[in-house]
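In what follows, chains carry the letters A, B, and so on, assigned in the order in which the sequence lines appear, proteins first and then strands, with residues in each chain numbered from 1.
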4 protein chains.
Amino acid sequence: MAPSGEEAVRVATRGGAGEPSSREEALPVMRERLLQAAETVLAERGYHGARVDDVVRRARASKGAFYHYFSSKEELLLELIDRFGGLLAQAMERALAERRGAAPRVEAALASVLTTLAEHRDLAWIVLVEAPVGGAAPRQRQQAVKERLIDRIRAGLDELAGEGRVAVRDTETVATVLLGMLEALATRWLMTGRPADLKASLEEVAPFALRGIGLLPAAGRPGPAGRPGEAEETQVTGTR
Amino acid sequence: MAPSGEEAVRVATRGGAGEPSSREEALPVMRERLLQAAETVLAERGYHGARVDDVVRRARASKGAFYHYFSSKEELLLELIDRFGGLLAQAMERALAERRGAAPRVEAALASVLTTLAEHRDLAWIVLVEAPVGGAAPRQRQQAVKERLIDRIRAGLDELAGEGRVAVRDTETVATVLLGMLEALATRWLMTGRPADLKASLEEVAPFALRGIGLLPAAGRPGPAGRPGEAEETQVTGTR
Amino acid sequence: MAPSGEEAVRVATRGGAGEPSSREEALPVMRERLLQAAETVLAERGYHGARVDDVVRRARASKGAFYHYFSSKEELLLELIDRFGGLLAQAMERALAERRGAAPRVEAALASVLTTLAEHRDLAWIVLVEAPVGGAAPRQRQQAVKERLIDRIRAGLDELAGEGRVAVRDTETVATVLLGMLEALATRWLMTGRPADLKASLEEVAPFALRGIGLLPAAGRPGPAGRPGEAEETQVTGTR
Amino acid sequence: MAPSGEEAVRVATRGGAGEPSSREEALPVMRERLLQAAETVLAERGYHGARVDDVVRRARASKGAFYHYFSSKEELLLELIDRFGGLLAQAMERALAERRGAAPRVEAALASVLTTLAEHRDLAWIVLVEAPVGGAAPRQRQQAVKERLIDRIRAGLDELAGEGRVAVRDTETVATVLLGMLEALATRWLMTGRPADLKASLEEVAPFALRGIGLLPAAGRPGPAGRPGEAEETQVTGTR
DNA sequence: GATGAATGAGCTTTCATTCAT
DNA sequence: AATGAATGAAAGCTCATTCAT
């Protein structure tokens with residue numbers, strides 16, 4: 001459907017191989033411009049506060065162009081949500097693929113989400129805060145993004161639980177809660193600016209989460225706990 | 001302070017001991033009616049989707065009456081947010097006052113929030129979901145409600161941390177995350193209806209949280225873990 | 001109908017001869033309060049900009065009281081107009097009665113209007129500027145006030161014209177124009193604050209007017225013209 | 001600069017020589033339609049009485065079109081005021097340019113204003129009567145229009161006064177008063193319909209004014225005075 | 001593809017007026 | 001007489017969307 005972020009960027013950026021601006025296959029540069037503009041504008045003024053005109057102006061496009069590429073303002077929001085959903089899922093997948101061992105993988109997954117959120121403030125705001133009030137469709141789409149992540153997390157937990165390596169029963173609830181922690185941190189960061197460095201929260205949250213699911217001992221002395229768990233590496237096959 | 005819906009109705013309805021309908025102390029019945037109506041209507045249609053007319057109609061009031069009691073639609077939202085903030089804070093305070101021992105108190109605090117959210121679906125939706133997009137003021141007010149709870153939780157954690165009973169360093173972050181878990185559960189419940197019984201999540205979340213902060217051993221065998229922590233009761237003076 | 005300004009003031013001020021605040025004959029003190037308040041408020045915010053609430057608040061009265069004494073906001077304006085009309089007519093009558101000789105009488109008439117306007121800035125603004133847009137009735141009432149003055153001036157001119165002492169044919173037009181000059185000065189003063197001293201304009205306007213109607217010679221040398229016409233006093237019977 | 005109604009219509013209607021409906025130079029037809037409609041509607045119902053809907057309906061336009069061209073109802077009024085200000089200034093300039101001699105030029109100036117007012121009843125009403133109550137901005141704009149005319153008149157008087165040909169000291173006051181006379185005549189005509197022919201007033205007002213400023217002898221016998229001043233023609237360089 | 005003038009339903013808010021007490 | 005809560009008809013303005021060019 002909607003081009004993933006990368007494709008879009010590629011398309012938009014490319015100088016063009018053959019035809020100098022051949023109109024037919026040129027994937028909509030303007031569509032990308034509109035999406036970019038929307039990201040900024042929606043974040044600044046909120047979904048309801050942002051007028052299509054604002055988006056169009058910022059993109060140096062025309063109303064007609066806008067409605068050529070999007071059937072409605074809502075659809076624009078949907079697309080942004082999906083995009084961000086893709087970014088999040090990708091990031092998590094990549095993080096999981098790069099690590100070995102249960103704890104490191106959990107940590108990496110948490111980090112990947114937090115990092116993605118921190119690196120896309122505007123999208124994060126739109127998806128976390130604005131989406132649910134954009135109407136029924138955006139609300140559901142946002143939820144879908146979350147569910148996708150929750151599912152992935154749960155899959156991992158299920159695996160660990162299957163091996164009895166984790167003190168978790170209702171993996172769905174725990175997955176929900178793990179994501180919720182990150183969401184809460186991000187939202188607070190977006191709203192209040194605290195903590196200044198969102199990713200730094202990991203240092204506290206990761207051990208909390210690992211202990212929570214029972215992957216880390218009673219926390220004994222949190223002494224050198226900053227970098228926890230390196231020792232007890234275990235190979236846990238991520239899903240897929 | 002703000003009378004809960006029921007109290008208010010009672011106040012408004014009551015015939016009174018002495019003066020039959022003395023004008024002076026009569027609490028604005030209509031204001032209460034408007035607030036009740038707003039709760040339902042805003043939850044149903046969202047802040048932006050709800051017209052003042054809808055609220056007024058449901059309250060069987062007139063536009064004039066509305067603007068007699070509220071200076072704007074936004075102010076109405078603010079009041080709803082504050083009310084719910086009061087309910088949450090009260091509930092948590094009560095819960096903490098009734099329990100002894102660190103773990104039980106933590107559990108009770110978590111439960112109180114979840115219970116309050118579950119018992120006021122409409123308000124919960126409004127405050128959790130709609131508030132941040134009602135404009136700058138509602139957004140800040142919502143954040144204030146959260147900060148109040150976070151502060152309270154942190155105070156408790158600080159105390160435990162002071163006694164070295166808890167594996168937490170940055171109590172603020174952990175407090176944020178603890179509240180965030182509940183928020184995530186509630187939001188998911190509001191959005192998807194799952195889990196059917198929001199409060200039941202506690203069974204999984206409480207141990208998770210207790211382990212997370214290091215109040216519960218490594219989760220030993222998650223076997224009988226369902227009802228955790230009874231043994232290690234400790235007297236921890238809640239704050240204040 | 002409406003008590004003239006003086007009566008009203010008397011009524012309002014009097015401590016009362018006999019009954020200490022007998023309610024029945026006590027001419028409405030509150031009515032007067034409302035009128036006074038209205039004068040200030042209407043001048044400040046304009047007829048349309050002023051809310052009945054503003055008037056009521058300033059008068060420390062209640063809405064009910066207002067509608068007890070005035071059937072509508074418009075009626076309030078009408079009364080203010082009539083009052084000021086009375087003041088103007090009175091002032092002119094008094095001025096004419098006190099002087100002898102054509103030129104002095106003309107001068108005195110002009111002065112009386114200018115003085116009255118200057119001494120009642122608020123009323124002047126209301127009547128000159130706001131009245132015509134208060135609706136049909138206030139518009140007509142304002143015009144009536146003007147016509148009354150024009151009529152009086154014309155009567156004087158007719159007399160002089162009858163004696164051939166004045167170079168005027170269409171006395172109605174000239175009367176209109178004489179009043180218009182003063183109106184223009186007053187309005188400009190109200191709008192721009194210039195000249196600082198409205199009454200000082202007389203020094204220029206009076207000779208202008210006297211020459212205009214032919215009561216003053218060609219203006220020969222404007223030299224000592226400042227105080228014009230003393231010499232050529234003539235007995236012109238003012239009307240009445 | 002603003003095209004008079006007719007020109008505008010012509011411009012709007014014209015089929016055009018070359019480009020068949022070239023978009024670029026097409027003067028906003030609808031804007032003109034709205035202005036025309038506003039002139040009528042505001043004159044009929046007054047500024048406050050006229051609803052934007054009324055204007056829009058009369059112009060066979062939509063609300064959106066209205067707010068596309070005017071940022072507010074007030075701005076519409078401002079434009080009408082400015083337009084009329086331009087007409088008045090133009091007319092006076094033209095009149096002064098066409099005549100030679102002090103008295104004829106004064107007469108012509110007076111005539112030009114009266115004629116313009118008479119030929120644009122609606123605009124005259126709006127500018128003379130409604131403007132000051134449209135709010136602060138329209139009030140000031142109206143005053144600016146007047147000041148512009150006063151300035152021009154004063155410039156002429158200053159010149160005459162410099163040559164000692166005129167019995168005027170404070171030329172600003174006299175200029176104010178000269179314009180005020182015309183205003184008074186016009187307003188009365190607008191309000192009461194009298195005199196039926198506004199311009200006929202000139203026959204009385206012009207000699208009055210000329211005598212007033214000392215350009216016409218004592219008025220001797222007003223006998224043949226109807227057409228005054230032919231004899232004493234003098235070349236007075238009007239300004240510019 | 002692109003334009004932007006035009007649409008018009010719908011919104012929040014105001015305020016003169018009423019009336020039960 | 002006096003109160004002020006309540007009424008409800010407007011009014012000005014917004015903005016997503018359409019469509020002739």
In terms of heavy-atom contacts, D:L34 and D:F66 come closest through CD1-CA, 3.8 Å
Rounded to whole Å, CG of A:L77 lies from P of F:dA16 at a distance of 13 Å
- Do C:I126 and C:Y47 have side chains that get closer than 4.5 Å, going by heavy atoms? no
Whole-Å distance, D:L76 CG to F:dG12 C1', equals 13 Å
Residues in residues 133-140 of chain A with a heavy atom under 4.0 Å of DNA chain E, by number, are none
C:K73 has its side chain closest, among F:dG12, E:dT13, E:dT17, to E:dT17
How about C:R58 and C:R33: do any of their side-chain heavy atoms sit closer than 4.5 Å? no
Distance check, P atoms only: F:dT21 and E:dG1, in whole angstrom units.
22 Å
So do D:V55 and D:T40 actually touch side chain to side chain, heavy atoms under 4.5 Å? no
Query raised in the report: Tell me, do B:V52 and B:Y67 make a side-chain contact under 4.5 Å, heavy atoms counted?
Result: yes
Applying side chain to side chain donor-acceptor pair (under 3.5 Å) to A:R60 and not counting sequence neighbours gives none
When rounded to whole Å, the OH to C1' distance for the pair A:Y69 and E:dT3 reads 13 Å
The correct list of stems in which DNA chain F takes part (3 or more consecutive Watson-Crick or G-U pairs, distances under 3.5 Å) is E:2-21 with F:2-21
Whole-Å distance, B:F70 CZ to F:dA5 P, equals 14 Å
ask   = Does E:dG1 have OP1 or OP2 sitting under 4.0 Å from an N or O in the side chain of A:H68?
value = yes
Numerically ordered, the residues 44-65 of chain C set in heavy-atom contact under 4.0 Å with DNA chain F is C:S62, C:K63, C:G64, C:A65
DNA chain F nearest-nucleotide lookup for A:S71 and B:F66: closer to the 5′ end is B:F66
Mind checking whether D:E79 and D:E74 have side chains closer than 4.5 Å, heavy atoms only? no
Of all heavy-atom pairs linking D:R83 and D:L35, the shortest is NH2-CD2, 3.5 Å
Residues pairing under salt bridge (charged side-chain N to carboxylate O under 4.0 Å, His left out) where one sits in residues 130-142 of chain C, two or more places apart or in two chains, turn out to be C:D82-C:R141
Atom CG of C:L34 and atom P of F:dA1 are separated, to the nearest Å, by 13 Å
Exercise for review: Run the numbers on D:M30 and D:H68 for side-chain contact (heavy atoms from CB on, under 4.5 Å), then give the verdict.
Suggested key: CA-CA 10 Å; D:M30 175 147 303; D:H68 183 70; over 6 Å; no
Between D:R33 and C:E74, whichever has its closest DNA chain E nucleotide further toward 5' is D:R33
message: Counting only side-chain nitrogens and oxygens, does D:Y67 get under 4.0 Å of the OP1 or OP2 atom of F:dT14?
response: no
Sorted by chain and residue number, the side chain to side chain donor-acceptor pair (under 3.5 Å) partners of D:E75 (sequence neighbours excluded) come out as D:S71
